[in-house]
Engineer: 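To start, I am sharing the structure in question, which I have written as C-alpha cells.
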Amino acid sequence: MSKELTSRAADYSQWYNDLVIKGELADYSAVRGCMVIKPYGYALWENMRDQLDKMFKETGHVNAYFPLFVPKSLFEAEEKNAEGFAKECAVVTHYRLKTDPNNKGKLIVDPEAKLEEELVIRPTSEAIIWNTYKSWIQSYRDLPILVNQWANVVRWEMRTRLFLRTAEFLWQEGHTAHATKEEAIIETEKMLDVYAEFVENFMAVPVIKGIKTPNERFAGAEDTYCIEALMQDGKALQAGTSHFLGQNFAKAFDVQFLNKENKKEFVWATSWGVSTRLIGALIMAHSDDQGLIMPPRIAPLQVVIVPIYKGEESKPVIDDKVASLIKDLKALGISVKYDNSDNARPGWKFAEYELKGVPVRVAMGLRDIENNVVELARRDTKEKKSVSFDGLAGYIKDLLEEIQENIFQRALAFRNENIREANTWDEFVNLLDTKAGFVSAHWDGTGETEDKIKEQTKATIRCIPLNNKQEAGTCILTGKPSTQRVLFARAY
RNA sequence: CGGGAUGUAGCGUAGCCCGGUUAUCGCGCCUGGUUUGGGACCAGGAGGUCGCAAGUUCGAAUCUUGCCAUCCCGACCA
C-alpha cells in the first residue's frame, strides 16, 4: 500500500519524518527550513495551546502581542542576548520591490527603498518587550507585569527538521517583570512547574526538571531552568525552558521603578517558552511502527467510529445507532468522527486511524447491533474487545483516561530504565555508545570539562536536576572532586 | 557551510552507465458496477515542463556545469 512506514529499527530519522508527513501533521513547504502545519497537526497544536493558555491564566498571566520586527539598535541593547542570537537572525533591509526593467514580469528589490535601520525578525522578543516595558513601569505599584505572547519566531538554523528545528516556529513566550529578585525566581520556578505539569499530564511525556549549566544557559539569562525528556532512540530533548534574567534586560533598557522608599531600582525579569517542538517530543516519546500515538487529553480526535456495512439496507440501521453514540460522546465532551466515507473499506480506515494515532476506535456492524455491542480498539495496546452498547460513552470516557495513564507510565518506565550511573570514564563512554539515554555522573563543575566531554562524546549536560541528591564523588573526566551527579545525554 | 547519497505523475518506482519514435510499472485519483469484520475486485479513463537553469549535440530523463530541495555524517543548535 501507499502508506508504508519506515520502522524505528530500520531508520529512526526516516520513521520520524514518515510519521509527520504520512500522519498529516505537517509537510515541507516551498520555503527552505519552513514547514506547513496541516489541519491535523494544527488541531493538535491548538489543543496544546488552549490548555497551556488556560494554565497561564490560572497563574495570573495575560496575553499581549508585540511586533515581529525588532529595530537592530534595540536588538543589540542586551549584549549577550544579541550575541547569542546574531548568527541566526533574518534581517529586513528594504521595504519595497519594483519591476525589473531588464526582465519583464520579474521583480527586484528597489535599491532606493533601503531602510534607514535594519529590522531584525524576532528570534525571541526580550528586546522589543523590554523596550516597551520601560514605558509601562514607573512605580512598584506597576509590578509585577505578567505577560505572555503567542507568536511565531524565526531562527535561521543551518539544518532543520520538521517540528524539532524549523526556521520559523510557533511558540509562546512569557515575559514578566518583578520588584524583587526573590519574586522573579519564584516566577521562574512556577512556570517551570506549569510546563512540567502540562507535558506530563497532558502530553504524557515524563520530564526531568533541572537547571542548565552556564554553557547551556539562554543568552542573557542568570539561570536557565529546563524540562528534559527522553526519546525512544535514547536521545534527550529539551522540552521547555524558564529563565531567570536577573536585571540584565532592565539595565540594558533602563527599566527602573520607584520603590516604597521612593528609591529607584532596576526591575527583575523572567522569560519562559515552549514551542511546536513539543510536537516532536510527543511523536518520539510515544509512537510506534504503526504510526502516531496521541495522548487522549490533547488528541486532535479522541474517538473514530467505523461502520461495517453489509448491503445498502444496513446503512440506515448503523447510521442511526451511531448517531445516538455520537450524541452521548459529545455530551461528555469527547471529540468524535464518524467515518462513513465510501471511498475506503474498513481495513483501510483501521490502518489510517492507527497511523494518525486516534486513541479509541469503535467498529460497528449489523452483527454487533444484533448483540447490542461494538468492537472497541485502543491505539496504545492495539487490544480489541467487544463492549456492550449500554453505557458505552461512559466506558469510553474511562478508557480514554486509562490510555492517557498507560502511555505516560510506559514512557516513564522507559525513561527510568534509561537513566544510568557511570563512575568511570570508560563506563561513561560505554553507556553512551551502547545504551544511550541519560547518564548520571559526577562533573567538576567547569565549562572546560563540559566542552571536552562534548567534544569527545557528543554528550552534553542536559541539566542539574532540581533537588539533586548531594554526594561526594570525582569527575569522570578530570577526577576532581564533585558534590553531585549531573545528567548527560546526546540531545536533539 | 564541508563530505556522502538522492531527486522521473499525488506516492513509490523502471529507464540513465552505453543519448535515438509515443518515458515503465504499482498504488492512489475519476466514471460505472460489484463490495465492505484488518490496507477489496472488474471494466474504462485522466494525470509528466523527467527537481530548476544553462551548455554540448541533428537529437538530452540519459552527457557537462551551476543552482535548489530532501536524507545521512560533521560543524551549528536559547
Side-chain angles (χ1 to χ4, degrees), chain A residues 1-6 11-18 20-22 24 27-35 78 80-89 122-126 153 155-162 164-167 169 171 173 212-221 223-226 237-238 240-243 245 271-275 277 290-291 306-312 314-315 318 339-355 361-371 373-375 377 382 384 386 454-455 458 460 490-492:
Chain A
M1 288 304 301
S2 65
K3 285 208 170 178
E4 290 292 322
L5 298 173
T6 306
D11 185 342
Y12 193 83
S13 295
Q14 191 56 50
W15 165 79
Y16 174 81
N17 286 331
D18 280 0
V20 171
I21 292 170
K22 293 177 181 172
E24 297 185 321
D27 214 340
Y28 295 109
S29 73
V31 190
R32 163 183 231 162
C34 295
M35 64 179 173
E78 208 295 323
K80 282 186 182 158
N81 185 251
E83 255 182 57
F85 284 103
K87 58 189 177 300
E88 50 194 74
C89 286
R122 62 182 169 212
T124 180
S125 299
E126 274 79 3
V153 289
R155 297 181 185 179
W156 214 264
E157 303 284 358
M158 291 195 218
R159 197 166 147 188
T160 57
R161 296 199 62 189
L162 295 166
L164 294 175
R165 180 171 292 116
T166 46
F169 57 92
W171 77 342
E173 47 183 327
K212 288 289 187 190
T213 61
N215 277 8
E216 300 278 324
R217 202 176 271 161
F218 175 74
D223 256 320
T224 288
Y225 294 64
C226 63
L237 186 118
Q238 178 178 298
T241 48
S242 182
H243 315 289
L245 302 174
S271 71
W272 27 274
V274 296
S275 72
R277 185 178 218 212
Q290 277 68 51
V306 177
I308 315 287
Y309 294 128
K310 281 233 197 314
E312 280 299 318
S314 70
K315 286 187 184 181
I318 295 170
D339 187 353
N340 59 351
S341 61
D342 198 31
N343 55 355
R345 294 167 78 259
W348 191 90
K349 292 176 185 172
F350 293 169
E352 179 67 12
Y353 291 108
E354 273 165 19
L355 167 58
R361 184 183 73 228
V362 177
M364 198 193 300
L366 284 183
R367 197 172 77 197
D368 300 302
I369 290 175
E370 275 165 28
N371 297 321
V373 296
V374 297
E375 182 192 81
K382 295 204 212 74
K384 287 195 287 197
S386 207
K454 184 180 177 183
E455 220 171 279
K458 287 188 264 177
T460 50
R490 293 189 179 131
Y492 278 97

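Letters A, B, ... are given to chains in the order of the sequence lines, protein chains preceding strands, and every chain is numbered from 1.
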Engineer: Under the 6.0 Å and 45° cation-pi test, does R165(A) pair with Y492(A)?
Structural biologist: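 So R165(A) doesn't make the cation-pi contact.
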Engineer: On RNA chain B, does the nearest nucleotide to S275(A) precede the nearest nucleotide to M364(A) from the 5' side, or the other way round? Give the residue.
Structural biologist: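 Its nearest nucleotide being more 5', the pick is M364(A).
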Engineer: Side-chain N or O of R165(A) versus OP1/OP2 of C76(B): is the shortest distance under 4.0 Å?
Structural biologist: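 No, because none of the side-chain N or O atoms of R165(A) sits under 4.0 Å from OP1 or OP2 of C76(B).
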Engineer: Any base atoms under 4.0 Å from E354(A), or only sugar-phosphate, or nothing? Heavy atoms, all strands.
Structural biologist: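 Base: the residue E354(A), judged by heavy atoms under 4.0 Å, touches a nucleobase.
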Engineer: Once you round it to whole Å, what is the distance between P of G33(B) and CG of D342(A)?
Structural biologist: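 So the CG-P distance, D342(A) to G33(B), works out to 11 Å.
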Engineer: Around atom CH2 of W171(A), are there more than 12 heavy atoms of other residues, nucleotides or ligands at under 6.0 Å?
Structural biologist: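 Atom CH2 in W171(A) is crowded, with more than 12 foreign heavy atoms closer than 6.0 Å.
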Engineer: Considering only NZ, NE, NH1 and NH2 on the basic side and carboxylate oxygens on the acidic side, decide whether E354(A) and K382(A) come within less than 4.0 Å.
Structural biologist: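 Judged by the 4.0 Å cut-off on N to carboxylate O distance, E354(A) and K382(A) do not form a salt bridge.
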Engineer: Confirm from the modelled atom types if Q290(A) and G38(B) form a donor-acceptor pair under 3.5 Å, side chain to base only.
Structural biologist: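 Check fails, no donor-acceptor contact within cut-off.
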Engineer: When you measure from the side chain of A351(A), which nucleotide among C77(B), G37(B), G39(B) comes out closest?
Structural biologist: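 Minimum distance to the A351(A) side chain belongs to G39(B).
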Engineer: How far does CD of E216(A) sit from NZ of K454(A), to the nearest 0.5 angstrom?
Structural biologist: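 One finds 6.0 Å between CD of E216(A) and NZ of K454(A).
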Engineer: Using only heavy-atom distances, determine whether the side chains of Y353(A) and D339(A) contain a donor-acceptor pair under 3.5 Å.
Structural biologist: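 Per modelled atom types, Y353(A) and D339(A) side chains form a pair under 3.5 Å.
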Engineer: Separation of D339(A) atom CG from G38(B) atom P, in whole Å?
Structural biologist: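 Going from D339(A) (CG) to G38(B) (P), I get 16 Å.
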Engineer: Taking atom C1' of C29(B) as reference, at what distance in whole Å does atom CH2 of W348(A) sit?
Structural biologist: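 Value for this atom pair: 13 Å.
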Engineer: In whole Å, I'd like the distance from the OH atom of Y492(A) to the C1' atom of C73(B).
Structural biologist: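 Taking OH of Y492(A) and C1' of C73(B), I get 14 Å after rounding.
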Engineer: What nucleotide among C77(B), G38(B), G37(B) has an atom nearest to a side-chain atom of K454(A)?
Structural biologist: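 Per side-chain heavy atoms of K454(A), the pick is C77(B).
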Engineer: Which value, rounded to the nearest 0.5 Å, describes the distance between S13(A) atom OG and L164(A) atom CG?
Structural biologist: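 Rounded to the nearest 0.5 Å, the OG-CG separation comes to 9.5 Å.
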Engineer: When all nucleic acid strands are considered with a 4.0 Å heavy-atom cut-off, which category describes Y225(A): base, sugar-phosphate, or nothing?
Structural biologist: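 Y225(A): no heavy atom of the nucleic acid under 4.0 Å.
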Engineer: Could you check whether any side-chain heavy atom of R277(A) comes within less than 4.5 Å of a side-chain heavy atom of Q238(A), counting everything from C-beta outward?
Structural biologist: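 Yes; the side chains approach each other to less than 4.5 Å.
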Engineer: On RNA chain B, check which nucleotide each of A491(A) and G347(A) is closest to and give me the residue with the more 5' one.
Structural biologist: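 Mapping each residue to its closest nucleotide by heavy atoms, the 5'-most match is G347(A).
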Engineer: On a plain distance test, is the side chain of R361(A) in donor-acceptor contact with the base of G38(B) below 3.5 Å?
Structural biologist: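 Side chain to base: pair present.
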Engineer: Judged by modelled atom types alone, do S386(A) and E375(A) share a side-chain donor-acceptor pair under 3.5 Å?
Structural biologist: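 There is no such pair (donor and acceptor under 3.5 Å, judged by atom type) between the side chains of S386(A) and E375(A).
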Engineer: Return yes if the base of G38(B) and the side-chain atoms of K384(A) contain a donor-acceptor N/O pair under 3.5 Å, otherwise no.
Structural biologist: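 A donor-acceptor contact between them is present.
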Engineer: Think R345(A) has a side-chain N or O under 4.0 angstrom from the OP1 or OP2 of U36(B)?
Structural biologist: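 So the side chain of R345(A) is outside the cut-off, no N or O lying under 4.0 Å from OP1 or OP2 of U36(B).
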Engineer: Hey, what are the protein-to-nucleotides 70-72 of chain B N/O distances that come in under 3.5 Å?
Structural biologist:
{"from": "U70(B)", "atom 1": "O3'", "to": "Y28(A)", "atom 2": "OH", "distance (Å)": "3.2"}
{"from": "C71(B)", "atom 1": "OP1", "to": "Y28(A)", "atom 2": "OH", "distance (Å)": "3.2"}
{"from": "C72(B)", "atom 1": "OP1", "to": "S13(A)", "atom 2": "OG", "distance (Å)": "2.6"}

Engineer: For the pair made of CG in L5(A) and P in C11(B), what is the distance, rounded to whole Å?
Structural biologist: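 Roughly 16 Å, once rounded to whole Å.
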Engineer: Rounded to the nearest Å, what distance is computed from the CG atom of residue N215(A) to the C1' atom of nucleotide C77(B)?
Structural biologist: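 Whole-Å distance recorded here is 14 Å.
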Engineer: Can you figure out which of G38(B), U36(B), C76(B) approaches the side chain of P346(A) most closely?
Structural biologist: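 Closest nucleotide to the P346(A) side chain: U36(B).
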Engineer: In whole angstroms, how far is the C1' atom of U35(B) from the NZ atom of K310(A)?
Structural biologist: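 It works out to 10 Å between those atoms.
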Engineer: So does K80(A) have more than 12 non-hydrogen atoms from other groups sitting under 6.0 Å from NZ?
Structural biologist: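 12 or below, so no.
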Engineer: When you compare the side chains of H243(A) and T224(A), does any donor N or O come within less than 3.5 Å of an acceptor on the partner?
Structural biologist: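 Yes.
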Engineer: With sugar-phosphate meaning primed atoms plus P, OP1 and OP2, does K315(A) contact a base, only sugar-phosphate, or nothing at under 4.0 Å between heavy atoms?
Structural biologist: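 Base contact - K315(A) has a heavy atom under 4.0 Å of at least one base atom.
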Engineer: Counting side-chain heavy atoms from CB outward, which of C1(B), G37(B), C77(B) is closest to E88(A)?
Structural biologist: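 Looking only at side-chain atoms, E88(A) lies closest to C77(B).
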Engineer: Specify the separation, in whole Å, of atom CZ of F350(A) and atom P of G38(B).
Structural biologist: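 Answer to the nearest Å: 7 Å.
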Engineer: Classify the nucleic acid contact of G84(A) as base, sugar-phosphate or nothing, counting any heavy atom under 4.0 Å across all strands shown.
Structural biologist: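 Result for G84(A) = nothing.
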Engineer: Under 3.5 Å for both distances, Watson-Crick or G-U wobble, that's the pair rule; now give the dot-bracket for RNA chain B, with | marking pairs to another strand and [ ] for crossing ones.
Structural biologist: (((((((..(((.......[....))).((((((.....)))))).....(((((..]....))))))))))))....
Engineer: Check the interface with nucleotides 5-9 of chain B: list each N/O to N/O pair with the protein under 3.5 Å, or write none.
Structural biologist:
none

